[in-house]
Amino acid sequence: MNRMVRMATALGLAAVTALSVIGCGSVAGGGKQTLTVFNYSEYLDPDVIDQFTQETGIEIKYEEALTPEDMYTKYKAGAISYDLLCTADYMLKRLIEEGEAQPIDISSFENKDNIGQEYWDFSKAFDPENKYTVPHFWGTIGILYDTTKVHGEIDSWDVLFNGEYAGDIIMQNSIRDSFMITLKYLGYSLNTTDEAEIRAAYEALKAQKPDVEAYLVDEARDEVVAGNAAMAVVYSGEAYLGHQYNENLRYTVPKEGSNLWIDSWMVTKNCKNVEAAQKFLDFLCREDIAQKNFEYIYYSTPNEAVIANLSDEERADESLVPNMDAMQNCEVCVVTDEAATELMNELWKELKAN
Amino acid sequence: MNRRNRELLASPYFIWSIGFTVIPLIVILRYAFTTAGGTFTLENILAIGNAINRKAFLFSLEIALICTLLCVLLAYPLVMVVRRLHISRRAFMLFFLILPMWMNFILRLLAWQMILSSNGILNFILQAIGLKPLDIANTWAAIIIGVVYDYFPFMMLPIFNAIADIEEDVIEAAKDLGAGPLTVFTKVIFPLSIPGLKSGITIVFVPSMTSFVVADILGGGKLQLIGNIIEQEFTRSSNWNLGSGLSVALMVFVFISMAFTIKDDVVREEPELARVEGSDKPDRRERAA
C-alpha cells in the first residue's frame, strides 16, 4: 500500500513537471514577441526587464554569463539562439569581425542623444562606423589607494614598480590587465603585438613580483579597504564601491594612460525581430531606465542625462565619472592577435613560476 | 532482495559515472593526444616535463605530501580521544568537525584570508598578547593551512571509522598479555586502522595535489601549482589540448601512486581483517580498497 502511494506521488510529480515544461513552450510559441538577451550577471536591473515587457508586451528571456570568454563559448555553441548580447570591447570586435553582429539603425533611436558623443567615438575602436553597438557601461583601470598610507601624489604607474611600496601592492590576477598597465607604464600601446615590447613588460612585471603582496581579482579592492595593502590595481567600478566602505580611499587613472573599457550591446545575426531588439536598446538609453540601471550597478554610465542628475560630489569622483582629460592617453583594448596573446599567456606562467 | 534487484540499485550510480566520469574522461583523452588541428601528438602529455610545468608539479606534490602527512599526524591523536568518549559526546564531536563543511568552500577560504592577513584576526590576537605579528598571508604556509583545514575531516573520518570498529575485547586482550598503551597502539590499533588510513590518504592526497583555488586565494596568486597552470590553459589561454595533456599526465601519476596502496591492501590485509571484524560486515574491505 505504502509503495503504491509513493508510486502515485512520483507519477504525479512527473506529470506536473512535464506539464509545466509544455506550458512554458506554448507561451513562447504563442505569437507573442520574445527577445533572448545575454548579459553579464548583475549587469541590468531586473525591474527594467519587467518594465520593458509591461510597456511593449515583448517578453525577455534573460541569460547570464560571468566573463566575455564564457559568453563567446556559449554563444558559439549555438544551443540557445541569442538576439542581443552585451559584452566587452575586444569581444565585440571579435564577434563583429566574425560576422556575428547585425547592423542596427541607431539614428532611429529616440534616446540616442542621451549617450554622449565621446562614447560613440570611443566605440569606434571596435565598431568604426557606429553601426553595430550601443554603449552600456564603461570605465577604466587605475590605482585604488589608501591616502593614509601613501606619501605624495599618486599619479603614475611608477609607484607600482619603483619599490617604494614593496609588499603593499595588490596586482590584478589577470594576464591581459597586468600586461596592459605595464605596457602603458613603459610608454607602449596596450594593443601592441610587438614581441620586444611585450617581453619588456614581462621583465618589468618580473622585477616587480617581489614587491607584490598578492595577485587577486575580486578581493583586490577588499584588501585595500581592510588596510592590508596601500594600493591595488582595480577597475573603476570596484573603486567606487571601495570608497563607500572606506572613505580614505582614492582612485586615480595614472597620467601615462590606461585601459578604457566599454561594455556594449549588439544585435546578433540570429535575431529575427530586429525591430524589437532596437526597441529594447532604445529603451535602455531612456533617461529613467538608464538611471535605474546606474543606481543598480554604479559603474560609469555613458548616459549624459543620468550624469547631469548626479550630485557634485559624485561627479567629482573619478571612479564614477572619469575625467575626460585623463582619457587622452587611455586606449580601448581591441587586440585579437593570437601570437601576442599566446606570448603573454606563456610569459604569465613564467612570471608565476619565478 | 535478490541479486539482480540489488544490482539494479546501483544503476543511478552507474549512469552517473558514465555521464560524468567516463565520457568526460574520453573527451579529455581525445584533447590530450591531439593538437588544436586534430592530429595525433604526445607533446601535450610530455609538456609536464618542461621547466615551468615541472616546477609547478613538484611544488604541488610537495604541498600534497605535507598536507597528507599533517592530516595524518593531527587525525590519530584526535581519533584516540574521540574513541574513548561516550557515544553521545562522540556524535557531538563528529558533528562539530563536519559543521564547517556546511558552508561554501570558497567562503571558508575567504574567512582564512581574513584571519591570516597582515591586519587580520591572528595578528590582532598576537599583538594583543604582546607577540610579534606574523607574515603568513600570501605565502606557502597559508596554502598549507588552507589545504590541511579543508581536507582534515576527510582524513579523520575514515580513520575514525576503522578504529571505532575495533572490538574493545581485542584491546583488552592485548593489555592482558602485557602490552602498554604505546604497544597497544603500534601493534593493535594502528595496524587495524590502516584501511581507513589508506582511504584517508586517497581522499586527501589527490585533491590537495590538484587544487588551485587555495593557491589563488591564500597564496595570493604568487605561487603556481600544477592546477593553476591547467586552469589557465582552459579558462584563459583556451588551450584545451595542453590543459588536457597536463591533466592526463597528472592522472597517470595519481593512478600509479594509488595502484600501490590498493594492491598492497588486497594481498596483505584481507585475512587478518576478516577475522577481527567478524563476518557480518563483509563489505568493509571492498570499501577500503
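Just so it is clear, the structure is predicted and the values come from calculations on it, not from any experiment. Here is the naming used below: chain letters follow the sequence lines, and residue numbers restart at 1 for every chain.
A:K352 contributes atom NZ, which lies 10.0 Å from atom CD1 of B:I229 (distance to the nearest 0.5 angstrom). Remark: A:L66 CG to B:T235 OG1 distance equals 12.0 Å, nearest 0.5 Å. To the nearest 0.5 Å, atom CG of residue A:L216 and atom CD of residue B:Q113 are 6.0 Å apart. Remark: A:Y215 OH to B:L223 CG distance equals 10.5 Å, nearest 0.5 Å. Taken to the nearest 0.5 Å, the CG atom of A:N228 stands 9.5 Å off from the CG atom of B:N123.
In this structure, B:N119 contributes its side chain and A:G227 its backbone to a donor-acceptor pair below 3.5 Å.
Only the backbone of A:N354 comes within less than 4.5 Å of a heavy atom of chain B; no side-chain atom from C-beta onward does. Proximity to chain B is limited to the backbone of A:S174, based on heavy atoms less than 4.5 angstrom apart. Within the 4.5 angstrom heavy-atom criterion, only side-chain atoms of B:L242, from C-beta onward, approach chain A. In this structure, the portion of B:K55 lying under 4.5 Å from any heavy atom of chain A is its side chain and not its backbone.
B:Q232 has its side chain within reach of A:N345: a pair of non-hydrogen atoms, C-beta onward, lies under 4.5 Å apart.
The number of heavy-atom neighbours closer than 6.0 Å to CD of B:E43, taken from other residues, nucleotides and ligands shown, is 12 or below. In this structure, B:M114 places its CE atom where only 12 or fewer heavy-atom neighbours from other residues, nucleotides or ligands lie under 6.0 Å away. Within 6.0 Å of the CD atom in B:E7, the count of heavy atoms belonging to other residues, nucleotides or ligands exceeds 12. In this structure, B:F40 places its CZ atom where more than 12 heavy-atom neighbours from other residues, nucleotides or ligands lie under 6.0 Å away. Environment of CD in A:Q244: crowded, with over 12 heavy atoms of neighbouring residues, nucleotides or ligands closer than 6.0 Å. Within 6.0 Å of CZ on B:F14 lie no more than 12 heavy atoms contributed by other residues, nucleotides or ligands.
Residue with the most contacts toward chain B among A:E219, A:E213, A:E350: A:E213 (heavy-atom pairs, distance under 4.5 Å). When A:K209, A:M344, A:E69 are compared by the number of non-hydrogen pairs under 4.5 Å with chain B, A:K209 comes out ahead.
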Yes or no on side chain to side chain contact (heavy atoms under 4.5 Å, CB included) for A:K349 and B:N50, after CA distance, side-chain angles and deciding distance?
-> CA-CA 12 Å; A:K349 280 194 279 181; B:N50 87 24; over 6 Å; no
